[in-house]
Protein chains: 2
Amino acid sequence: MAERLTRQESRRRTRGRLLAAAAELFAERGVNGASVEQIAERAGYSRGAFYGNFAGKDALVAELLNERTRREAEEVREATAGAATRDEAFDALRAWNRDRARNLDSWLALRMELLLHAIRTPELRPLLAEREQAARGALAEGVRRELDRGGAAAPADPAFLALIAHALEDGLLIQRVLDPGAVGDEAVVDAVELLLRSWTALGGAPGEEGRG
Amino acid sequence: MAERLTRQESRRRTRGRLLAAAAELFAERGVNGASVEQIAERAGYSRGAFYGNFAGKDALVAELLNERTRREAEEVREATAGAATRDEAFDALRAWNRDRARNLDSWLALRMELLLHAIRTPELRPLLAEREQAARGALAEGVRRELDRGGAAAPADPAFLALIAHALEDGLLIQRVLDPGAVGDEAVVDAVELLLRSWTALGGAPGEEGRG
DNA sequence: GTCTATAAAGAGATAGAC
DNA sequence: GTCTATCTCTTTATAGAC
């Protein structure tokens, strides 16, 4: 039985390698700037293997978008499910962002490449939109919990506050890529913490201000 | 005498048309997806005219980045200089954003294309970074003024608050492109207004801390 | 300055061998 | 499944006519 899945598994492995190589190259040179030959070569194959596993470049891009979207949605779920308290949630967020900071350029480049591709391919937009909704939804729940906990009246619809917090992620990472000196390592977490404090009206506590 | 500048002016005009056509096509199909021939054709010329005015596609991209950066910095200056009161500033901001909303897709696509290009071309990064700094700086001044006016202590360094407000622009526009139903037409202005209100309403914070 | 023609390289995709 | 060879189209860039 150990060999029963070999065919399928082998196919999956090859496809996975091609997808990973494509992700790298898309970040480096853009979707349009990376050729099928380069993708196959970096994955350790030839063009033939590529066309044996994907109908063409467009098909690979669509699948990459799909795969990454699904994985990120999972990560969001796991991250939020794991943390029970506010501090735990922020710790998880910090870890996540530290990770991302390590290769911010390529991470952001890939995200924007896929985003641009989705903008230009209307039928793919809902896919990406879904992931964003999930992220915003999880955030909204967190915000609501914090507001309840503090017993404070929300300054606005929690969904809107979550939208702000979520949008900050892309926005701050863009600023950081362009000007690393002006945007701290943990700006995203710092900003979200600051906002949450403002909204829950806990701002008076002098002890732990600003960044960590 | 009316013809004295014809040569220079003619050259400027042709270059301007090529740059405008390139901007359109870059938004539609990406920098790498738009060919020199397509650019020249949309501008109403042939490839020959293109190469007569630019050393190649890279040179055009660099100049486009330069031109747009300069223009946007000017617009920031004008917008902030014109508005004396807070309401005037927000009105200007609203008008600016309504304008942008009309063709959000192509606007955002072009911005991200140029951003990606800057990420991949290190020597161009400072150019874009400069524009962002100017925008953040203008915002920071506005925030500081508001805080002073309200007599409230800042919950953080005004520069950090300005960074948050500025980052929100990109972030919210991205969310809006992906999910127009979930992000209102004036989300950017609404969000900035909300934040400013939260920050000015927060009294007794301890001086100015925040990021370093 | 702008055109047409063309060289040279690179792209996506297919066919057939193994 | 993966390789090599090949077809066809597109691309960048140059040359020379006007």
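A note on names: the letters A, B, ... follow the listed sequences, proteins ahead of strands, and every chain is numbered from 1. The model shown is predicted, which means the values in this text are computed figures rather than measured ones. In what follows, every heavy atom counts, from backbone to side chain, and hydrogens, waters and symmetry copies are set aside.
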Practice item. Check Arg120(A) against Phe26(B) and note the closest heavy-atom contact, atom names and distance. Key: NH2-O, 3.1 Å
Check your understanding: Which two nucleotides bound the region of DNA chain D that has atoms under 4.0 Å from heavy atoms of chain A, read 5' to 3'?
Key -> dT2(D) to dT6(D)
Review point. What pairs with Asp179(B) under side chain to side chain donor-acceptor pair (under 3.5 Å), at least two apart in sequence or on another chain?
Key: Gln133(A), Arg136(A)
Practice item. Sequence neighbours left out, what passes salt bridge (charged side-chain N to carboxylate O under 4.0 Å, His left out) with Arg98(A)? Give chain and number order. Key: Glu186(A)
Exercise for review: Identify, residue by residue, the members of residues 35-47 of chain B with a heavy atom below 4.0 Å from DNA chain C, and return them in order of residue number, or none.
Suggested key: Tyr45(B), Ser46(B), Arg47(B)
Practice item. Return yes when atom CZ of Arg12(A) has more than 12 non-hydrogen atoms of other residues, nucleotides or ligands closer than 6.0 Å, and no otherwise. Key: no
**Study point:** Exceeds 12 heavy-atom contacts within 6.0 angstrom, atom CD of Glu141(B)
**Key:** no
**Study point:** For Leu114(B) against Leu64(B), the heavy-atom pair lying closest together
**Key:** CD2-CD2, 4.4 Å
Review point. Of Ala34(A) and Thr14(B), whose closest DNA chain C nucleotide lies nearer the 5' terminus?
Key: Thr14(B)
**Study point:** Criterion side chain to side chain contact (heavy atoms under 4.5 Å, CB included) on Thr85(A) and Phe90(A), from CA distance to verdict
**Key:** CA-CA 9 Å; Thr85(A) 75; Phe90(A) 274 112; over 6 Å; no
Exercise for review: Kindly state which residues belonging to residues 52-67 of chain B come within less than 4.0 angstrom of DNA chain C, counting heavy atoms of the residue only, listed by number.
Suggested key: Asn53(B)
Check your understanding: For the side-chain contact (heavy atoms from CB on, under 4.5 Å) test, which of Val189(B), Leu172(B), Asp185(B), Val192(B) pairs with Asn97(B)?
Key -> Val189(B)
Review point. Taking both distances under 3.5 Å as the test for a Watson-Crick or G-U pair, what stems of at least three pairs does DNA chain C have?
Key: C:1-18 with D:1-18
**Study point:** Glu113(A) and His117(A): CA distance, side-chain angles, deciding distance, side chain to side chain contact (heavy atoms under 4.5 Å, CB included) verdict
**Key:** CA-CA 6 Å; Glu113(A) 283 288 337; His117(A) 197 263; over 6 Å; no
Exercise for review: Provide the closest heavy-atom pair for Arg68(B) versus Trp107(B) in the form atom of the first, atom of the second, distance.
Suggested key: NH2-NE1, 4.2 Å
Exercise for review: Applying side chain to side chain contact (heavy atoms under 4.5 Å, CB included), run through Leu147(B) and Leu161(B) and close with a yes or a no.
Suggested key: CA-CA 11 Å; Leu147(B) 292 178; Leu161(B) 301 180; 4.2 Å; yes
Check your understanding: CD of Glu41(B): more than 12 outside heavy atoms within 6.0 angstrom?
Key -> no
